[in-house]
Structures are given as C-alpha cells and as structure tokens.
Amino acid sequence: MEVSTSIERTQFAEDVLRGLTSTPKQLSSRYFYDDEGSRLFIEIMGLPEYYLTRAEMKIFTEQTEAIYAAFVNGSDSLDLIELGAGDGTKTAVLIEHFLKRRLDFTYSPTDISQEANDALQARFRDKFPDLRIKPHTGDYFKVLESLRNGSDRRKVLMFLGSNIGNFSQEKALEFFRSIRSVLNANDRLFIGFDMQKDPRVIVRAYDDPLGVTAAFNLNLLRRINRELDADFDLTKFSHYAQYRPLECAARSFLISREKQSVTIKALDRSFDLEQWEAIFMEISQKYTHAMIEELASESGFAIETEFYDEENFYIDSLWRPI
Ligand code: AVI
C-alpha cells in the first residue's frame, strides 16, 4: 500500500495547480505511478502493441556477453547503478550473467518508491543469494549527489526502458549533464532509447485496443480525486494519443467530452473545461541516431558502443564521459 509523505503531497498539489492553470492544461506523467498506475504499467509492458519492453529484453537476452564485455572493459570490478529500476526484469538477465562470470560487482537499484525498492530487493535476494545489493531510495538528482564522492571503482549507470522519453528535450539534457558531473572518466552511462519508426506502430503502442493505456492515463484523475479530494468524473474524459513524425514525439491527452467544472478541495478551487478541451498528459519522445549523438555530445559524452534489436526499433547506447 502506497503512503505518500505530506511533502510529496504538497508537491503533487502544487504541480496539479500549476498544470491546470497553464495553457494548455497539463498534468505531469511522473504522477502516473501510484500502486494502481504501477500495476497498469506492468500490464502495458505485456501488451502485444507495446513493443518497447520486448525489444529491450531481446537486446539483453541475445547480446548479454557483448554488454558484459562493454561494461567490464578491463576493469576487475564495478558498481552497477540503475536509475528507476522498476521491477528489474531486464536487469535480472544481466545480473545472472555477471554472477556466472564471477564478476566482483554491487547492484544499486534506485527508485523514488521505497515500496518498489523493497520489493525488488526481496525478489533479487531470493533469486540471487550471492548478489551484493545496495538500494537507494529517492529522487534521481539526490541519488546522483550521493554518488559524487563514492568509490573509485568503475560505475556503470543504467537508465533503461526509454524512461528518458518522458522528459522534455530540455530536461533530458539537464539530466544527462547532471549525471556527467558525478562521473569519472572511467565510468559509463547506459541508456535505452526508443527509435523513430512507422508512425502507425508507435500510435498503436500508445492507444491499445483493450484500453489499458487509457486506464493508465485516467488513473491520474482518480489519484487526484483520492489524494487531493477532487471530483473528476472519469466518464467525462477520453484518452487520445498522437504521434508527430517531424518531432519524433508521441503525446497523450485526456479530452474533456463536455463543458464541465471540476473542484479540487485541497486546492480550494475549481477549474473549468470547455467541451473537447485537451489536458496534455505525457510525452514519449522517439529518437533518430542524430538526436542521440547530439544529446550525448551536448551533455559531455561520446557514444562508445550501441546495441540494437534486429528490427532497429530500439537502442541501448553506452556513453563515455569526454
Ligand atoms: C515509462 N515510459 C517509458 C512509458 C512510455 O512508453 O512512455 C510510459 C507509458 N505511457 C504509456 N504507455 C507507456
């Protein structure tokens, strides 16, 4: 059962206020992941239309030894740090291989949710009794600060699942620059990017016929109702997903089906929505190779090695500081 602290709740209230008083209205997808949202996301990852998880998993299972060799590259030990570890299914493939190769390493999953970290730790302790696991709970930026004065063993930071796609371009650059500032020359950053592809394939991934993605978006309104004492009527909104190929960006919206007013008691105010007004919910950025190269060089990295799936749907890219 998720319990958010009052500071988190205040931040949530502030962000909802800022979002609903902006033009256009928006809500931040970082709040999708309460217990129900996390459950729905796991369901999304298993959908046939949501190719991202399968593509990255294939890279991990089919190129495990090559990834291992790139991570180790002459070092006899390393610290593997995963930002936003989630349920760790993909990472388990690497860990199993690293243990088999008798590599001296620690694994530090970091997640904003204590509950997610505890669950992952329990599962991995069970599955890999020999694994040295040191979880960190907290905001990515705080966790990065704690790495600054860490050991001088090679660190490999992993940011998988195309989570970077949910950042604006500006935030992505800021994030990579702050990672760069805590890394030494011998450390590495390993990132999962979802690539530009047939726009129809992308739209289907964000608008599945079973409506799981719709439920995932609508769940944020339910969360606002529960945590901020609001009266969103979910039946008056519909999920809409689009992909803009020139920007390589998938975006999702909740559309107000009628003119309505919503009251949020914790904010002590109401918000009016016009019929067909859109609330911008999430960006899922896709990438061209040139975009990845530019992000790397503008944040102080060079691409060292890349791992593609056979359809070129997805890349895991290993960056070294320059
Ligand atoms: C977590 N993130 C990478 C997912 C994505 O593909 O943008 C979140 C998601 N939203 C709708 N479906 C999945």
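Starting from 1, each residue takes its place in the sequence as its number. Whatever order the structure lists ligands and atoms in, that order sets their numbers, starting from 1.
- Looking at ligand 1, you won't find any N or O of Lys286 less than 3.5 Å from one of its N or O atoms.
- Side-chain atoms of Glu282 and Asn166 form a donor-acceptor pair, as typed in the model, at a separation below 3.5 Å.
- Ligand 1 has no N or O atom lying under 3.5 Å from any N or O atom of Ser162, backbone or side chain.
- Residues Ile224 and Leu27 are in side-chain contact: their nearest non-hydrogen atoms beyond the backbone lie under 4.5 Å apart.
- Heavy-atom proximity to atom 7 (O) of ligand 1, evaluated over Ala241, Ser284, Gly192, is greatest for Ser284.
- Using a 4.0 Å cutoff on heavy atoms, Gly165 does not count as a contact of ligand 1.
- At the shortest separation from atom 11 (C) of ligand 1 among protein heavy atoms lies Glu282 OE1, 3.4 Å.
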Can Lys58 and Asp309 be said to form a salt bridge (Lys or Arg N to Asp or Glu O under 4.0 Å), step by step?
CA-CA 7 Å; Lys58 257 192 134 196; Asp309 66 316; over 6 Å; no
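- Using modelled atom types, one finds a donor on one side chain and an acceptor on the other under 3.5 Å when comparing Asn219 with Asp34.
- Using a 4.0 Å cut-off to heavy atoms of Thr213, the atoms of ligand 1 that qualify are 11 (C).
- Within the structure, ligand 1 has Tyr50 among the residues with a heavy atom less than 4.0 angstrom away.
- In summary, the atoms of ligand 1 found under 4.0 Å from a heavy atom of Gly161, numbered by their order in the structure, are 3 (C).
- Between Tyr50 and Tyr206, the two ring planes are perpendicular [angle over 60°; tilted spans 30° to 60°].
- Contact annotation: Phe167 has no heavy atom less than 4.0 Å from any atom of ligand 1.
- Seen from the ring of Tyr33, Arg223 does not count as a face-on cation partner, given the 6.0 Å and 45° thresholds.
- Per-residue contacts place Tyr33 under 4.0 angstrom from the following atoms of ligand 1 (heavy atoms of the residue considered): 1 (C), 8 (C).
- The aromatic rings of Phe32 and Phe216 lie perpendicular to each other, with more than 60° between the two planes, well past the 30° mark.
- Between the side chains of Asp118 and Gln114, a donor-acceptor pair is found at a separation under 3.5 Å.
- The nearest heavy-atom contact from the protein to atom 2 (N) of ligand 1 is Asn166 OD1, 2.8 Å.
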